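Worksheet: the structure to be examined is printed underneath.
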Number of protein chains: 2
Amino acid sequence: MITLTEENYIKAIYHLGKYGKAMVNTNAIAEALETKASSVTDMVKKLSEKEYLNYKKYQGVVLTEKGKHIAVNIVRKHRLWEVFLVEKLNFTWDEVHEVAEHLEHIRSEKLINELDAFLEFPSYDPHGDPIPDKNGNFKNIDKIALSQSEISHIYTCVGVKDTSSHFLKYLDGNKIGLGTIIEVLHKEPFDNSVKIKFNATEMVVSQNVAKNLFLKEV
Amino acid sequence: MITLTEENYIKAIYHLGKYGKAMVNTNAIAEALETKASSVTDMVKKLSEKEYLNYKKYQGVVLTEKGKHIAVNIVRKHRLWEVFLVEKLNFTWDEVHEVAEHLEHIRSEKLINELDAFLEFPSYDPHGDPIPDKNGNFKNIDKIALSQSEISHIYTCVGVKDTSSHFLKYLDGNKIGLGTIIEVLHKEPFDNSVKIKFNATEMVVSQNVAKNLFLKEV
DNA sequence: ACTAATATTTAGATTAGTCTAAATTTATAT
DNA sequence: ATATAAATTTAGACTAATCTAAATATTAGT
Ligand SMILES: [Mn+2]
Ligand SMILES: [Mn+2]
Ligand SMILES: [Mn+2]
Ligand SMILES: [Mn+2]
């Protein structure tokens, strides 16, 4: 049996280990879960014992296949619930995360597969993140950050990296959302800000914004 | 802050105290929650401390208004989720209880009120139990058990008392469900069995069944 | 009214998850 | 190479929820 807390650790480690990084270190996990490093050490020993991950003292952890499988299933549930909340219950994309954080732990194969069908097997969640299917496969779109874009090219906005309420509300306020068509007008080398144009509006966004907005060439 | 376990105790006490019974006793709670009497005593002290109920040593407990409010809210969530599972996700009425047992603890005002609206404000759950509205009011239908029925009267089946999978599957197997029109043909004094007729079918049901099937005079 | 059976509470132990503070290891910087 | 800083682990303590076994209170039967 796996506990809710264990699930949260495994998911956090999965997300932290996603981009490169051979090993995920203790402090990173502690920060992600808003807990203390000493608590992480304890839990990581237990998860290692249960073979959800491999743990090298003072080095960090790597999920096993068994651990990855658990993680992907939680991500699947999290993102499907997010779609449900936005599509069916009038939640905005900045409201869904907190509730999905709890719904993701409800354990019922039938529930999640029926929900998937009810939502007509969505491939992406409200933040543009891919939703694994019931076998754990997800179609990864090849997206780039706005900061990686090329001048005078035209892109569609397909996702966000930062899913915090602050950032999402900033985008809402500026009428940028998934599907928005963006032309890159200028990239300022001095502060890495980017001048963009969309729906006849021109605006300059900071490097911070540019790094957190994902695009796909149209 | 109230824990998931506390919520389960409060809900169990609410259901046990519903019919008459001034006080709910320790063993009844222990049985309902499949735990030991000593655990109940501990928890009941804590809930009393937090003013969710009044506890008289060796006598039992009664929920306070504060406790009742919590209980009704959990019941509301439980029954709304049950409706969702049946209406939208193809669950049968004997499959919903277990999952709803977990979903009922998800805490989000918006979630539950939007779900309520999405389901078009249902008044009854799949077992015929009334669903409290957001203010905690529920319209109680005046129903009687089949065992209380009168000969040659005609009734509509409006609910079940026992919501166990066993009983529900028995009803399914005999094509009895909510909405079924039933005529009472004979009541056998010897064993309290009842002979009924519905959809041109005649059958005899045991006292056990007769006590767990709720009817309303048509 | 007294005894026996039943119900309930207490005492003490256990497990999961967490924390602070101290000890240890690894990384960095002269 | 050595000292210092940063990261990590250990030790010991705490809370929530549970259990078993023993003690105590209530109820029922004669
Ligand atoms: Mn979570
Ligand atoms: Mn998301
Ligand atoms: Mn529950
Ligand atoms: Mn029900």
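Lettering follows sequence order; numbering is per chain, from 1. Computed from a predicted model, the values in this text were never measured in an experiment.
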For this output row, return yes or no: ring centroids of A:Tyr9 and A:Tyr14 closer than 6.0 angstrom.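 No: the rings miss the under 6.0 Å criterion.
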
One character per nucleotide, please: for nucleotides 3-10 of chain D, 5' to 3', B when the base has a protein heavy atom closer than 4.0 Å, S when only the sugar-phosphate does, - otherwise. ----SBBB

Spacing between [X] atom [atom1] and [N] atom [atom2], to the nearest angstrom:
X       : N      : atom1 : atom2 : answer
A:Ile29 : C:dT18 : CD1   : C1'   : 16 Å
B:Lys50 : D:dT15 : NZ    : P     : 13 Å
A:Glu6  : C:dT18 : CD    : C1'   : 14 Å
A:Met43 : C:dA16 : CE    : C1'   : 8 Å
A:Leu4  : C:dT18 : CG    : C1'   : 15 Å
A:Leu33 : C:dT18 : CG    : P     : 8 Å
A:Met1  : C:dA16 : CE    : P     : 13 Å
B:Leu47 : D:dA16 : CG    : C1'   : 12 Å

Any A:Leu103 side-chain heavy atom under 4.5 Å of A:Lys77 side chain: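 Answer no - side chains too far apart.
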
Can you check whether B:Lys88 reaches B:Phe118 side chain to side chain, under 4.5 Å on heavy atoms?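 In short, these two side chains touch, coming nearer than 4.5 Å.
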
Sequence neighbours excluded, which residues qualify as ring-ring contact (aromatic ring centres under 6.0 Å, His included) partners of B:His102?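 Checked B:His102 against ring-ring contact (aromatic ring centres under 6.0 Å, His included); zero matches.
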
Just by distance, no angles: are the side chains of A:Lys66 and A:His69 close enough, under 3.5 Å, to form a donor-acceptor pair?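 No, A:His69 and A:Lys66 have no side-chain donor paired with an acceptor closer than 3.5 Å.
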
B:Glu6: which of B:Asn8, B:Thr3, B:Leu4 passes side-chain contact (heavy atoms from CB on, under 4.5 Å):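 Going through the options one by one, the only one that passes is B:Thr3.
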
